[in-house]
Asker: 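Here's a structure for you.
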Amino acid sequence: MNDVVVRFAPSPTGFLHIGGIRTALINYIVVQQSKKKDPKSKLLLRIEDTDITRSKDEYKKSILDGLEWMGIEWDEKPHIQSESIDRHKEIAFKLLEKGHAYKCVCTKEELETRRLENQKLRKNIKRLCTKCKNDSATQQLEKDFCIRINIPNDGKISVLDKIQGLVVVENKEIDNFILLRKDGTPTYMLSVVVDDHDMGVNIIIRGDDHLNNIFRQLHIYKSLKWDLPTYAHHPLIHGDDGLKLSKRHGAVDINEFKKKGYLPQAIINNLILLSWSPKKNDENIEIGEIINTFDLEKMSKSSSIFDYNKLNHFNNFYLQKEENYKYFEEFVNENSILKNFFDIDKILMKKLFNTYKKNINFYSELENISKIYYDEEFKTILNNELDDNFNIILNDFMKHLDFIDVWSKDNLKNCINKFLELKKIKFPIFGKPVRIVLTNLKEGPPINDILFILGRKNTFLRLNNYINSANKL
RNA sequence: GACCCCUUCGUCUAUCGGUCAGGACACCAGGUUUUCAUCCUGGAAAGAGGAGUUCGAUUCUCCUAGGGGUCGCCA
């Protein structure tokens with residue numbers, strides 16, 4: 001049996017952010033690699049919804065949608081953690097029965113007091129509840145107790161993590177954490193272990209904010225004599241202030257990336273380059289090649305900062321690829337502004353995109369650009385770059401334009417060049433004002449491209465409107 | 001505060017003791033161009049500090065400093 005079972009286990013208490021996507025992505029890559037060796041390998045998805053007050057269906061949906069959009073496919077249907085609470089309770093009592101756990105009646109207040117006392121004395125005592133374990137009356141209670149794990153005070157425990165290497169911790173550093181709350185519900189620490197075991201998970205890949213949890217969880221595995229999984233704790237992504245990535249670092253929710261017009265490929269490319277790098281010098285790498293070359297054990301242990309500049313670079317690279325045009329259409333269909341324009345004139349939108357794709361980093365940048373070209377009420381804002389000389393030349397130019405039979409980029413370019421040659425004027429003197437007349441912008445694509453995008457009818461409409469308003473002055 | 005992890009250009013990274021410390025993004029300059037952009041060429045830019053091991057340390061060991069993570073009847 002060489003099948004690998006990994007899992008991604010988000011809790012639906014918030015939107016799926018870029019850090020979560022990274023964890024899911026690494027799990028996905030590892031399972032795809034494993035499937036080549038053993039097709040029975042699988043990536044399971046588990047929704048950890050045991051925090052009833054904070055878990056929301058809307059978050060669960062956004063997580064599923066986000067993964068799907070990213071192309072991170074999982075096997076089987078999602079496991080819902082809250083559905084196996086009875087099983088978790090059963091295990092808690094089994095541990096109690098075997099002496100690996102004990103009943104505790106310490107109140108929150110008592111524990112808090114002891115915690116503060118220890119802090120004052122600068123003592124490092126992790127075991128806050130010390131009396132309950134040996135109090136026979138407490139151990140015989142039928143209700144109103146929580147169940148804590150019973151970990152020996154001496155000795156040490158170690159793990160050989162695929163990324164972190166050998167990590168050793170003294171048992172006395174590990175607290176007698178709670179398995180089952182007073183209200184009878186299981187805690188995260190217990191549920192994870194039971195679910196991972198029951199689901200057959202044999203490699204646990206997650207962020208290193210869970211590194212310290214390995215040891216707590218290993219004690220549960222060992223007490224139950226269950227097979228130990230292999231661990232791989234990857235470093236976290238930080239914001240540019242060096243702190244764990246969160247909302248205040250800007251767009252971190254995966255759905256925001258989608259809304260802005262980023263491509264999954266670009267996000268994947270950017271994310272996989274954090275803590276890992278391909279052997280080749282070219283950093284553009286797509287999922288297939290990543291699966292062929294990625295090595296979990298070559299991941300670095302240090303955290304990294306998510307670079308939006310580099311993401312923009314990759315996104316610009318991928319959105320220019322012809323085969324990715326379908327993503328543009330998908331985006332347009334979900335963007336109300338662009339969808340509206342698209343329905344008015346599909347060809348115009350396509351022309352726009354093809355001309356501007358070199359200039360934009362993400363699709364939503366086209367919103368403002370489209371507004372200029374789709375504006376039926378377009379009026380040139382008059383300014384001092386548009387003088388009488390120019391107006392006279394423009395009149396002449398329109399006559400030349402009128403002779404163009406096929407309104408193509410090349411014909412327009414030829415027409416412009418011939419006209420300038422004939423009039424013996426340099427391009428900028430004429431071109432810049434034309435750009436302003438047609439778009440109210442001083443910068444933008446070449447004039448022939450602008451004329452081409454607008455089409456014959458709109459070009460003449462805008463030029464005539466301008467001339468009429470200029471004449472009124 | 002305790003424990004765990006980390007530390008190479010601004011950012012992401014390469015280097016498995018001997019390299020002019022390489023690449024990518026960003027930045028700057030020059031060139032091409034019909035403005036802007038693209039594109040091409042070039043440039044500036046790094047081993048946290050200190051000991052030790054060694055003929056030789058960015059690389060191995062230790063110390064210090066800095067950063068991060070974790071210390072819940074949250075997950």
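In what follows, every chain begins at residue 1, and chains take the letters A, B, ... in the order their sequences are listed.
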Asker: Which residues satisfy the side chain to side chain contact (heavy atoms under 4.5 Å, CB included) test with A/E110, sequence neighbours excluded?
Answerer: A/C106, A/T107, A/R114, A/K131
Asker: Using atom P of each nucleotide, how far apart are B/rC20 and B/rU58 to the nearest Å?
Answerer: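 Result for the P pair: 14 Å, nearest Å.
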Asker: Counting only Watson-Crick or G-U wobble pairs whose two distances fall under 3.5 Å, which nucleotide matches B/rA65?
Answerer: B/rU7
Asker: We want to know whether A/N324 and A/Q265 form a side-chain donor-acceptor pair, criterion being a heavy-atom distance below 3.5 angstrom.
Answerer: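 Yes.
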Asker: Using the C1' atoms only, state how far B/rA45 lies from B/rC28, rounded to an integer number of Å.
Answerer: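 After rounding to an integer number of Å, I get 11 Å for this pair.
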Asker: Could you work out the separation of B/rA2 and B/rU8 based on their P atoms and round it to a whole Å?
Answerer: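 Each nucleotide's P atom is 25 Å from the other's.
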Asker: Rounded to whole angstrom, note down the C1' distance from B/rU13 over to B/rU70.
Answerer: 27 Å
Asker: According to side-chain hydrogen bond (donor to acceptor under 3.5 Å, both in side chains), who are the partners of A/H234, at least two apart in sequence or on a separate chain?
Answerer: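 Partners of A/H234 under the side-chain hydrogen bond (donor to acceptor under 3.5 Å, both in side chains) test: A/T23.
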Asker: Regarding A/T53, tell me which of base, sugar-phosphate or nothing describes its non-hydrogen contacts under 4.0 Å with the strands shown.
Answerer: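 No contact.
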Asker: Find which nucleotide of RNA chain B each of A/I416 and A/V169 is nearest to by heavy atoms, and output the residue with the more 5' nucleotide.
Answerer: A/V169
Asker: Could you state the CD1-C1' distance from A/I272 to B/rA24, rounded to the nearest angstrom?
Answerer: 16 Å
Asker: Specify the separation, in whole Å, of atom CG of A/L271 and atom P of B/rU13.
Answerer: 12 Å
Asker: Among B/rU13, B/rG23, B/rC6, which nucleotide sits nearest the side chain of A/S302?
Answerer: B/rC6
Asker: Who does B/rA57 pair with, Watson-Crick or G-U, both distances under 3.5 Å?
Answerer: none
Asker: Detail all sub-3.5 Å separations between protein N/O atoms and N/O atoms belonging to nucleotides 25-31 of chain B.
Answerer:
{"unit_1": "B/rC25", "atom_1": "O2'", "unit_2": "A/K310", "atom_2": "N", "d": "3.4"}

Asker: Paired with B/rC20: which nucleotide, if any, by Watson-Crick or G-U wobble criteria at under 3.5 Å for both distances?
Answerer: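 Base partner found: none.
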Asker: If only atom types and distance count, is the side chain of A/D49 paired as donor or acceptor with the main-chain N or O of A/S55 below 3.5 Å?
Answerer: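 Between the backbone of A/S55 and the side chain of A/D49 there is no qualifying donor-acceptor contact (under 3.5 Å).
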Asker: Assess whether a salt bridge exists between A/D196 and A/R46, defined as any Lys/Arg side-chain N lying under 4.0 Å from an Asp/Glu carboxylate O.
Answerer: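 Between A/R46 and A/D196 there is a salt bridge, with a charged N closer than 4.0 Å to a carboxylate O.
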Asker: Using purine N1 to pyrimidine N3 plus N6-O4 or O6-N4 for Watson-Crick, or N1-O2 and O6-N3 for G-U wobble, each under 3.5 Å, what pairs with B/rA29?
Answerer: B/rU41
Asker: Whole angstroms only, please: what is the CD1-P distance between A/I372 and B/rC36?
Answerer: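 In whole Å, B/rC36 P lies 18 Å from A/I372 CD1.
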Asker: Provide the distance between the two P atoms, one in B/rC4 and one in B/rC62, to the nearest whole Å.
Answerer: 13 Å
Asker: Find the distance A/I268:CD1 to B/rC12:C1' and express it as a whole number of Å.
Answerer: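 It is 18 Å, rounded to the nearest whole Å.
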Asker: Please name the nucleotide paired to B/rA2 by Watson-Crick or G-U wobble geometry with both distances under 3.5 Å, or report none.
Answerer: B/rU70
Asker: For B/rU15, which nucleotide is its Watson-Crick or G-U wobble mate, given both distances must be under 3.5 Å?
Answerer: none
Asker: How do A/K413 and A/D282 order along RNA chain B: which one's closest nucleotide is nearer the 5' end?
Answerer: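 So the residue in question is A/D282.
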Asker: Calculate the interatomic distance between A/K162 atom NZ and B/rC5 atom C1'; express it in whole Å.
Answerer: 19 Å
Asker: Under a 4.0 Å heavy-atom cut-off, which of residues 430-450 of chain A touch RNA chain B?
Answerer: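 Of all residues in residues 430-450 of chain A, the ones placing a heavy atom under 4.0 Å from RNA chain B are A/K432, A/R435, A/K442, A/E443, A/G444, A/P445, A/P446, A/I447, A/N448.
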Asker: Measure the spacing between NZ of A/K94 and OG of A/S223 and express it to the nearest 0.5 Å.
Answerer: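 The NZ atom of A/K94 sits 11.5 Å away from the OG atom of A/S223.
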Asker: What residues form a side chain to side chain contact (heavy atoms under 4.5 Å, CB included) with A/E283, not counting sequence neighbours?
Answerer: A/L273, A/K310, A/F314
Asker: For A/F314 and B/rG23, give me the distance from atom CZ to atom P, rounded to whole Å.
Answerer: 16 Å
Asker: On a whole-Å scale, what distance lies between the C1' atoms belonging to B/rA57 and B/rG18?
Answerer: 9 Å
Asker: Can you list every pair that meets salt bridge (Lys or Arg N to Asp or Glu O under 4.0 Å) and has a residue in residues 439-452 of chain A, with sequence neighbours left out?
Answerer: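 Listed by first then second residue: A/E385-A/K442, A/K409-A/D449.
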Asker: Going by the rule side chain to side chain contact (heavy atoms under 4.5 Å, CB included), which residues pair with A/N391 if we only count those two or more places apart in sequence or in a different chain?
Answerer: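 Listed in chain order: A/D388, A/Y466, A/A470.
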Asker: Taking B/rU64 as the reference, what is the distance to B/rA24 when you measure between their P atoms (whole Å, please)?
Answerer: 40 Å
Asker: Can you give one letter per nucleotide of nucleotides 59-75 of chain B, 5' to 3': B if a protein heavy atom sits under 4.0 Å from the base, S if only from the sugar-phosphate, - if neither?
Answerer: ---------SBS-SBBB
Asker: Considering only atom P, compute the distance from B/rU59 to B/rC6 and round it to an integer number of Å.
Answerer: 15 Å
Asker: Show me, pair by pair, the donor-acceptor contacts under 3.5 angstrom made by side chains of residues 414-439 of chain A, not counting sequence neighbours?
Answerer:
{"unit_1": "A/N414", "atom_1": "ND2", "unit_2": "A/D410", "atom_2": "O", "d": "3.4"}
{"unit_1": "A/N417", "atom_1": "ND2", "unit_2": "A/K413", "atom_2": "O", "d": "3.4"}
{"unit_1": "A/K423", "atom_1": "NZ", "unit_2": "A/D396", "atom_2": "OD2", "d": "2.3"}
{"unit_1": "A/R435", "atom_1": "NE", "unit_2": "A/P445", "atom_2": "O", "d": "3.4"}
{"unit_1": "A/R435", "atom_1": "NH2", "unit_2": "A/P445", "atom_2": "O", "d": "3.1"}
{"unit_1": "A/T439", "atom_1": "OG1", "unit_2": "A/R435", "atom_2": "O", "d": "2.7"}
{"unit_1": "A/T439", "atom_1": "OG1", "unit_2": "A/L441", "atom_2": "N", "d": "3.1"}

Asker: Report yes or no: does A/R148 contribute a side-chain atom to a donor-acceptor pair with the main-chain N or O of A/N176 at less than 3.5 Å?
Answerer: yes
Asker: Which protein N or O atoms sit under 3.5 Å from an N or O of nucleotides 40-44 of chain B?
Answerer:
none

Asker: Under the side chain to side chain contact (heavy atoms under 4.5 Å, CB included) test, which residues partner A/L44, sequence neighbours left out?
Answerer: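 Residues passing side chain to side chain contact (heavy atoms under 4.5 Å, CB included) with A/L44: A/V5, A/R7, A/K42, A/E76, A/H79, A/M199.
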Asker: For A/E365 and B/rA37, what is the distance between atoms CD and C1' respectively, to the nearest whole Å?
Answerer: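 After rounding, the reported distance stands at 12 Å.
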Asker: Using distance alone, with no hydrogens and no angle criterion, decide if A/Y262 and A/N312 have a side-chain donor and acceptor under 3.5 Å apart.
Answerer: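 Yes, because at least one side-chain N or O of A/Y262 sits under 3.5 Å from a partner of the opposite role on A/N312.
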Asker: Could you tell me the separation between the CZ atom of A/F215 and the C1' atom of B/rC5, rounded to a whole number of Å?
Answerer: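 Rounding to the nearest Å, CZ of A/F215 and C1' of B/rC5 are 11 Å apart.
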Asker: Treating A/T13 as the side-chain partner and A/R54 as the backbone partner, does any N or O pair qualify as donor plus acceptor under 3.5 Å?
Answerer: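 Checked: no pair found.
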Asker: Sorted by first residue and then second, give each salt bridge (Lys or Arg N to Asp or Glu O under 4.0 Å) pair with at least one member in residues 262-282 of chain A; sequence neighbours left out.
Answerer: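 Qualifying pairs: A/K280-A/E289.
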Asker: Take A/D307 and A/H313 through the side chain to side chain donor-acceptor pair (under 3.5 Å) test and state the conclusion after the steps.
Answerer: CA-CA 10 Å; A/D307 188 349; A/H313 165 76; over 6 Å; no
